[in-house]
Amino acid sequence: MTFTKLLVLKAIVCVAFAVPFLLAPATLFELFGVTLSEGGTFPAREYGAALAGTALLTWFARDMAESTARRPILLHLFVYDAIGFAVTVTYIASGVLNAVGWGPAVVYLFFAVGSGYFLVERRPEARPA
């Protein structure tokens, strides 16, 4: 997997989840066995907005060469997905989410590992000719 492919895939996944979070959060949460109150739709839609922002960030950063900005972007994605994984697994284990919750948990884990890999990857330095 390349940096570009990881970020393109992340952008696609973010858009795929941002749309239902923004337009129909209660219906989306029903798939996970959760009844969402009116008070819950507000943070759900805010999360949809955050996903849309992450989609834009990853899409426009997909072709970024090694730079001082690349590492903070990867760190953001790593922390975001690692926390998302931990929170999702916690809610599955506590019985709040049903087994469908394992889908997003695996997605979070995949992207945490992917961005973590590029954070620690060391490219060989170019040798002068």
Side-chain angles (χ1 to χ4, degrees):
M1 170 93 38
T2 64
F3 174 81
T4 299
K5 287 179 185 174
L6 181 73
L7 266 59
V8 167
L9 189 56
K10 178 73 176 175
I12 291 167
V13 169
C14 285
V15 168
F17 279 96
V19 172
F21 268 107
L22 288 167
L23 300 179
T27 303
L28 177 64
F29 274 86
E30 285 176 9
L31 297 173
F32 298 97
V34 176
T35 302
L36 198 61
S37 68
E38 277 300 310
T41 60
F42 172 69
R45 286 191 167 117
E46 281 192 326
Y47 181 58
L51 285 171
T54 301
L56 289 171
L57 172 71
T58 54
W59 181 256
F60 288 111
R62 71 189 185 280
D63 294 323
M64 178 180 282
E66 289 290 334
S67 69
T68 56
R70 186 170 166 167
R71 184 168 173 77
I73 289 169
L74 285 167
L75 184 59
H76 159 79
L77 295 173
F78 173 75
V79 169
Y80 170 90
D81 288 314
I83 292 172
F85 173 74
V87 168
T88 304
V89 169
T90 300
Y91 275 78
I92 294 167
S94 69
V96 173
L97 298 178
N98 61 25
V100 177
W102 284 110
V106 169
V107 170
Y108 278 127
L109 181 61
F110 172 81
F111 286 115
V113 170
S115 56
Y117 169 80
F118 287 108
L119 271 172
V120 299
E121 175 191 42
R122 296 285 181 237
R123 294 185 175 215
E125 293 182 28
R127 296 181 186 240

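Residue numbers run from 1 in the order of the sequence given.
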Where [X] and [Y] come nearest, the two heavy atoms and their spacing:
{"X": "A16", "Y": "P20", "result": "O-CD, 3.0 Å"}
{"X": "M64", "Y": "R70", "result": "O-NH1, 3.4 Å"}
{"X": "I92", "Y": "A105", "result": "CD1-CB, 4.3 Å"}
{"X": "C14", "Y": "A55", "result": "CB-CB, 3.7 Å"}

[X] and [Y]: same hydrophobic cluster, using ILVMFWY side-chain contacts below 4.5 Å?
{"X": "L75", "Y": "F111", "answer": "yes"}
{"X": "L28", "Y": "L23", "answer": "no"}
{"X": "V100", "Y": "V34", "answer": "yes"}
{"X": "F110", "Y": "I83", "answer": "yes"}
{"X": "V106", "Y": "Y117", "answer": "no"}

Short side-chain to backbone donor-acceptor contact, [X] and [Y], under 3.5 Å:
{"X": "N98", "Y": "L31", "result": "yes"}
{"X": "S115", "Y": "F78", "result": "yes"}
{"X": "R71", "Y": "L119", "result": "yes"}
{"X": "R62", "Y": "W59", "result": "yes"}

Does the side chain to side chain contact (heavy atoms under 4.5 Å, CB included) test come out yes or no for L57 and H76, once each step is laid out? CA-CA 11 Å; L57 172 71; H76 159 79; 3.9 Å; yes

Beyond-backbone contact of Y47 with P25, side-chain heavy atoms, under 4.5 angstrom: no

Counting only heavy atoms not in Y91, do more than 12 sit closer than 6.0 Å to its OH atom?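 Count not over threshold, so no.
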
To the nearest 0.5 Å, how far apart are [atom1] in [X] and [atom2] in [Y]?
{"X": "F60", "Y": "I73", "atom1": "CZ", "atom2": "CD1", "answer": "12.5 Å"}
{"X": "M1", "Y": "L9", "atom1": "CE", "atom2": "CG", "answer": "6.0 Å"}
{"X": "T41", "Y": "L22", "atom1": "OG1", "atom2": "CG", "answer": "11.5 Å"}
{"X": "T58", "Y": "L74", "atom1": "OG1", "atom2": "CG", "answer": "11.0 Å"}
{"X": "F17", "Y": "L51", "atom1": "CZ", "atom2": "CG", "answer": "8.5 Å"}
{"X": "L7", "Y": "T54", "atom1": "CG", "atom2": "OG1", "answer": "10.5 Å"}

Describe, in one word, how the ring planes of Y108 and Y80 are oriented to each other, choosing from parallel (under 30°), tilted (30 to 60°) and perpendicular (over 60°).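 Perpendicular, since the angle between the ring planes exceeds 60°.
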
Between F21 and F29 (judged by ring centroids, cut-off 6.0 Å), do the two rings come close enough to count as a pair? yes

